[in-house]
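First comes the structure, then the notes that go with it.
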Amino acid sequence: MNKDRLEIAVRRLRPDEEEPDRLPLRWSTIARLLAFTSPHRLQRNALLGLCVFRAMALPGLAWLVGHIIRGPVAAGDGAAALRDLALFTACFLIADFALYWRIRLAHQIGENVLRDLRDRLMAHLLTQPLSFFHARRHGSLISRMISDIEAMRNGIQNNFFITFVSVGQMGCAAALMLLANPQLFLVLLAILPCLLLVHAFFRNKILHASRVQQETFSRVTSALAETVQGIRVTQGFAREDTNAGIFTRLVQSLANNVVKTASLTSLYLPLLELNAQGFMAALIGVGGWAALSGTGTGLGDLVTFFFLADLFFSPITIIGTQLSEATLAMAGAERYFRLLDTAPSWADRPTAVPCPPLKGEVEFRDVRFAYVAGRPVLHGISFVARPGQVIALVGHTGSGKSTLVGLLAKFHLPLTGQVLVDGHDLADLRQETLRRQMGFVFQQNFLFAGTIAENVKSARPEATDEEIRQTFRDLGCLDLIEDLPAGIHTPCSEKGRGLSMGQQQLVAFARALMADPRILVLDEATSAVDTLTEARLQVALARLMKGRTCFVVAHRLSTIRRADCVIVLADGRVVERGTHAELLALQGAYAGLHRDFLSATT
Ligand SMILES: Nc1ncnc2c1ncn2[C@@H]1O[C@H](COP(=O)(O)OP(=O)(O)OP(=O)(O)O)[C@@H](O)[C@H]1O
Ligand SMILES: [Mg+2]
């Protein structure tokens, strides 16, 4: 496999590869993020106070050392020296105590903000119509919720406050140096540009290298995930060697990139140190000469200067690291806010009313619909279903069956035309109140991670275990569920893994029956189950449908035969309608489909 194909193969799984993972700092975004600290303003303001204190504390201590040397030590006053030592000890204990609270409060605020960010996003996602989720990869929504918000955590908890303290510390140190000895301060100013140059040069190179390294790393994880998730396909198509080859090359390139970053860092740090040592040498030279020649610079000044200079230089690397990490947080924040700002493409009208108790009549009046503008998938669909009738929808794949039932559930709005239940236009009804009177069994049974009972309960949270058993009994299949290791409390992982296809369908039926809906929408699963299970499912299905208006996207002949009306769809149009017998007699589209059904099931 050549390198390009290798990259394509691996990149497919990476979410948001088109999105930059770093962005320059933008004040409006920072301000918006900081606004999330407002509900915790007491803590935040205390924290800012602590930050200001921390910024002054260490330079202040350094200054105090100089003061002790210049004063009591130079004068040989032991008692005063001891007293000042006690003061010094008290000061650094207070400074350390402040550091403890600074870190602790930053973490508390960070966690609170994170929780609020996640709550906000979740609430926002839940207001979005189905089309929103169709238009996005689930992976990208998950990375907004997980990694982007994590990146923002670092931005709030560390980057912001540490930079704040570090810049403050540099400022205080500089001010005190200037105050203590303007002459020596000039030495500092002379050496500073060299330092900043080295810093800027290497920072960019290291940033770039570590970005490449991260990219390779995420490719390694994607490749791993792809191999594990697709292990059946890998083994089935005997692709083990190919996949192992891709992996080897990726791991090698990761190793190369790590070494590259490390070699840059290993050059950068000594150069920085060289600069700082150069500064110290210059300081000793200039300061020592000044002290010896008695120009007023004392030993105390020199010591103060050494300490202060260190407090001035050491934050430079810290600030650099924090700012570069902040660009990660910034990219995360921008993506997060963009998602949060995505208005729903449609919502219930403000005048929408709760759905009244339904009898179950459904009417489609000349309904047209398109997922993508200009590419209609349903054209002028009209029909009426009386309460209690079973309507079977048949048609080739892509003919619009699922779309039609999606419109009935108000998952989408018709482009033109109306969908009515008991004479009420769905456009005038509140979605959730409508769906409460509807039951769904989807084409892909989705079960939540939890037990069978918990899944059935999602239709009616207050249901008791006995009611759940009764539901399975009503479906005529309690024995099948009781045979499972823990009966109705058997766990199923998300998407129902751990249960067979037939068992998953039964749980989905029970969930729908538990809701006791007036209108039942059933997108029959096409998955094959053995004939015995199939017979049991048929019984369960018949019981589930009894006495309700049912829309069944049918793949089973038995379901179609039972229908009061079969609607045949082709390319988004109703081409035939009638009972199974009537349609067979027509010898048209349905007869053709029927032949396919028969040949598929024999
Ligand atoms: N989310 C979507 N975005 C864009 N087009 C879509 C979307 N979902 C379905 N379509 C298109 O709408 C048409 C009807 O799809 P639909 O899912 O309703 O078919 P179906 O009859 O249920 O097919 P199947 O029997 O395979 O389930 C198809 O051409 C399909 O490509
Ligand atoms: Mg479908």
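Position 1 is the first residue of the sequence; numbering continues from there. These numbers were taken from a predicted model, which means no experiment stands behind them. Below, each value reflects all heavy atoms present in this structure, side chains not excepted, and no hydrogens, waters or symmetry copies.
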Provide the closest heavy-atom pair for Gln437 versus Cys355 in the form atom of the first, atom of the second, distance.
NE2-O, 3.4 Å
Using ring pair (Phe, Tyr, Trp, His ring centres under 6.0 Å) as the criterion, list what pairs up with His412, not counting sequence neighbours.
Phe369, Tyr371
Counting only heavy atoms from other residues, nucleotides and ligands, does the tally under 6.0 Å from CG of Asp483 exceed 12?
yes
Please table the atom pairs, donor to acceptor, closer than 3.5 Å between any side-chain atom in residues 382-394 and protein atoms at least two apart or in another chain.
{"from": "Ser382", "atom 1": "OG", "to": "Asp366", "atom 2": "N", "distance (Å)": "2.8"}
{"from": "Arg386", "atom 1": "NH1", "to": "Glu361", "atom 2": "OE2", "distance (Å)": "2.9"}
{"from": "Gln389", "atom 1": "OE1", "to": "Arg386", "atom 2": "N", "distance (Å)": "3.0"}

Tell me the closest heavy-atom pair linking Gln587 and Arg595, and the distance in Å.
OE1-NH1, 4.3 Å
Output for pair (Leu378 CG, Thr403 OG1), nearest 0.5 Å, gives 5.5 Å
Working note: Glu150 + Asn154, criterion side-chain hydrogen bond (donor to acceptor under 3.5 Å, both in side chains); need CA distance, chi angles, decisive distance, verdict.
CA-CA 7 Å; Glu150 275 312 309; Asn154 201 24; over 6 Å; no
Ring pair (Phe, Tyr, Trp, His ring centres under 6.0 Å) partners for Phe442, two or more places apart
Phe440
Given side chains that start at C-beta, do those of Phe217 and Asn257 come closer than 4.5 Å, heavy atoms only?
no
Value for CG (Leu520) from CG (Leu513), rounded to nearest 0.5 Å, stands at 9.0 Å
Around Arg460, counting heavy atoms of other residues, nucleotides and ligands shown, do more than 12 lie under 6.0 Å from its CZ?
yes
Apply side chain to side chain contact (heavy atoms under 4.5 Å, CB included) to residues Val441 and Asp523 and explain how you reach the verdict.
CA-CA 6 Å; Val441 177; Asp523 211 338; over 6 Å; no
Distance, nearest 0.5 Å, that separates OG of Ser345 from CG of Leu413:
8.5 Å
Considering residues at least two apart in sequence or located in another chain, which fulfil the salt bridge (Lys or Arg N to Asp or Glu O under 4.0 Å) criterion with Asp428?
Arg349
Verdict with reasoning, Val521 to Leu408, per side chain to side chain contact (heavy atoms under 4.5 Å, CB included):
CA-CA 9 Å; Val521 171; Leu408 174 57; 4.0 Å; yes
Set of residues satisfying side-chain hydrogen bond (donor to acceptor under 3.5 Å, both in side chains) with respect to Asp564, sequence neighbours excluded:
none
Between Gln538 and Ser558 the two heavy atoms that sit nearest each other are OE1-OG, 2.9 Å
Shortest non-hydrogen pair, Phe133 vs Pro129, comes out as CD1-O, 3.6 Å
Partners passing ring pair (Phe, Tyr, Trp, His ring centres under 6.0 Å) against His379 (at least two apart in sequence or in another chain)
none
side-chain hydrogen bond (donor to acceptor under 3.5 Å, both in side chains) partners of Asp341, counting only residues at least two apart
Arg32
Once salt bridge (Lys or Arg N to Asp or Glu O under 4.0 Å) is applied, do any residues pair with Glu240, and if so which ones, sequence neighbours excluded?
none
Using the ring pair (Phe, Tyr, Trp, His ring centres under 6.0 Å) rule, collect all pairs that involve residues 328-360, keeping only residues at least two apart or in two chains.
none
Check whether any side-chain heavy atom of His396 lies under 4.5 Å from a side-chain heavy atom of Leu593, and answer yes or no.
yes
side-chain hydrogen bond (donor to acceptor under 3.5 Å, both in side chains), that's the test. Do Gln128 and His124 meet it? Break it down for me.
CA-CA 7 Å; Gln128 293 288 348; His124 179 69; 3.2 Å; yes
Is there a side-chain hydrogen bond (donor to acceptor under 3.5 Å, both in side chains) between Gln470 and Asp474? Walk through the geometry before answering.
CA-CA 6 Å; Gln470 186 57 43; Asp474 291 344; 2.9 Å; yes
Let's go through Glu534 and Arg556 carefully: what are the C-alpha distance in whole Å and the side-chain angles of both, what is the deciding distance for side chain to side chain contact (heavy atoms under 4.5 Å, CB included) to 0.1 Å, and is it a yes or a no?
CA-CA 10 Å; Glu534 178 63 31; Arg556 296 179 172 107; 2.5 Å; yes
So which atom in Leu426 and which in Lys410 form the shortest heavy-atom distance, rounded to 0.1 Å?
O-NZ, 3.0 Å
Sequence neighbours excluded, which residues qualify as salt bridge (Lys or Arg N to Asp or Glu O under 4.0 Å) partners of Arg473?
Glu466
Rounding to 0.5 Å, atoms CG (Leu224) and CD1 (Ile246) come to a distance of 12.5 Å
Closest non-hydrogen contact found for Ala589 with Val575 is CB-CG2, 4.2 Å
Residues in side-chain hydrogen bond (donor to acceptor under 3.5 Å, both in side chains) with Gln418, at least two apart?
Arg365, Asp425
Arg338 meets the side-chain hydrogen bond (donor to acceptor under 3.5 Å, both in side chains) criterion, sequence neighbours left out, with Glu19
